[in-house]
Amino acid sequence: MTKYIAVAGKGGVGKTTVTALLLRQLIQHKPDVSILAVDADPNANLNEALGFTVSSTISDLLEETKNPKAIPAGMPKDIFIEYKLQQSLIESNQIDLLVMGGPQGPGCYCYPNDILRRYLTTLGENYDYVFIDTEAGLEHISRRTIPQIDIMFVISDCSARGIRSAGRVYELIQGLKSSVKSVYFIVTKTTPGSLNALEGEIVQTKLNLIGDVPLDPLVTEQDLAGRALFNLPDNSISVQAINSILQKSQAI
Ligand SMILES: Nc1ncnc2c1ncn2[C@@H]1O[C@H](COP(=O)(O)OP(=O)(O)O)[C@@H](O)[C@H]1O
Ligand SMILES: [Mg+2]
């Protein structure tokens, strides 16, 4: 059975960093698993954290399929859309990546979205894990483009405003029609004593805090150099923190 793991929270809190490091640790513990990573944030940057180059996103491809002239003569539209979706999958040894891309333009997308939903459901079944780096509004999950979530990590940075925003994301999750089995809270970029100072805010969200990821100068360094996070050393504080979170969440 495929395990669906999603990472949610507002922009800039560390979702992509957490997703990339969870993937890094998962592969380290289970080198043989097959993983599909889905970058569902319009501000896509998971590819950079993983060291992939992206040529076109699903949004770009679906936009193309709206032009009747783009469809080869005699080819049914649904077959054409599926063919385009298959083209957008970026494959590597252990992780395949799908990038959803920016918001869809004006007009009706119900039809391509229906096909995307069916495609993602079928595609997901081919993998042991599907990891989704989501956008704050959880649109793909509320539209059920992504069928079900086993574990949802809600991320906040180390600020009272960030924690309150994570609380609102949690409310959104509870209102979703899709099934989300377990929800865990992660606070990132923490400094000594900061979690204690935020304890009251954390309690108010009713989220289940599974751990924090300290502010790691090595993450900043990799980011400045534009390097993939897979290059971080095993003993770096962020890698160790994510490792313990992964084990506690029973994702593996
Ligand atoms: N634990 C950490 N230590 C240091 N910097 C971090 C940490 N987590 C995230 N960052 C930095 O914060 C910024 C936003 O992180 P990112 O993962 O891109 O957030 P999001 O995907 O939520 O927008 C990036 O510059 C990233 O390098
Ligand atoms: Mg991101």
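Indexing begins at 1, ligand by ligand and atom by atom, following the structure's order. Position 1 is the first residue of the sequence, and the numbers go up from there. Everything numeric in this text was worked out from a predicted model, so none of it was measured.
Nearest protein heavy-atom contact of atom 19 (O) of ligand 1 is Gly14 N, 3.0 Å. Regarding atom 11 (C) of ligand 1, its nearest protein heavy-atom neighbour is Lys189 NZ, 3.9 Å. Protein heavy atom at the shortest distance from atom 24 (C) of ligand 1 is Asp223 OD2, 3.3 Å.
Counted by atom type alone, Gln28 and Asp234 present one or more donor-acceptor pairs between their side chains at under 3.5 Å. Looking at Thr57 and Asp60, their side chains do bring a donor and an acceptor atom within 3.5 Å of each other. A donor and an acceptor atom, one from each side chain of Asp157 and Thr188, are nowhere located under 3.5 Å apart.
Within the 4.0 Å heavy-atom cutoff, Gly9 does not count among the residues contacting ligand 1. In this structure, Gln222 does not count as a contact residue of ligand 1, since none of its heavy atoms falls inside 4.0 Å of the ligand. The shell of residues lying under 4.0 angstrom from ligand 1, judged by heavy atoms, excludes Thr188.
Residues Phe131 and Leu36 fail the side-chain proximity criterion, which asks for heavy atoms closer than 4.5 Å. Considering only heavy atoms from C-beta on, Asn208 stays 4.5 Å or farther from Tyr170 through its side chain. Considering only heavy atoms from C-beta on, Ile58 comes within 4.5 Å of Leu98 through its side chain.
Considering both main-chain and side-chain atoms, Pro214 comes within under 3.5 Å of ligand 1 through a nitrogen or oxygen pair. By the 3.5 Å distance cut-off applied to N or O atoms, Ser238 is not counted among the residues near ligand 1. By the 3.5 Å distance cut-off applied to N or O atoms, Val13 is counted among the residues near ligand 1. Inclusion of Gly12 in the set of residues having an N or O under 3.5 Å from an N or O of ligand 1 is warranted. Among the atoms of Asp216, some N or O lies under 3.5 angstrom from an N or O of ligand 1. Checking only distances, Lys15 does come within under 3.5 Å of ligand 1, N or O to N or O.
Atoms of ligand 1 found under 4.0 Å from any heavy atom of Lys10, numbered from 1 in the order shown, are 22 (O). Those atoms of ligand 1 with a heavy atom of Val219 less than 4.0 angstrom away are 3 (N), 4 (C), 5 (N), 6 (C), 7 (C), 27 (O). Close approach of ligand 1 to Val213 (heavy-atom distance below 4.0 Å) involves ligand atoms 1 (N). Interface atoms of ligand 1 facing Asn45, defined by a heavy-atom separation under 4.0 Å, are 18 (O).
One finds the CD atom of Glu64 at 8.0 Å from the CD atom of Gln87 (value rounded to the nearest 0.5 Å). Note that CD of Gln240 and CG of Asp216 are 9.5 Å apart. Values are rounded to the nearest 0.5 Å.
Note on Thr17: not counted as a metal contact of the Mg ion (ligand 2), no N/O/S atom lying under 2.8 Å.
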*List the steps and the verdict of side-chain contact (heavy atoms from CB on, under 4.5 Å) for Thr2 and Asp128.*
CA-CA 5 Å; Thr2 311; Asp128 299 313; over 6 Å; no
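One finds no salt bridge joining Asp39 and Lys15 here, because no Lys/Arg side-chain nitrogen approaches an Asp/Glu carboxylate oxygen to under 4.0 Å.
Of the candidates Ile155, Ile210, Ile202, Phe185 forms a side-chain contact (heavy atoms from CB on, under 4.5 Å) with just one, namely Ile202.
Of the listed residues (Val187, Thr17, Leu218, Thr16), the one carrying the non-hydrogen atom nearest atom 9 (C) of ligand 1 is Thr17.
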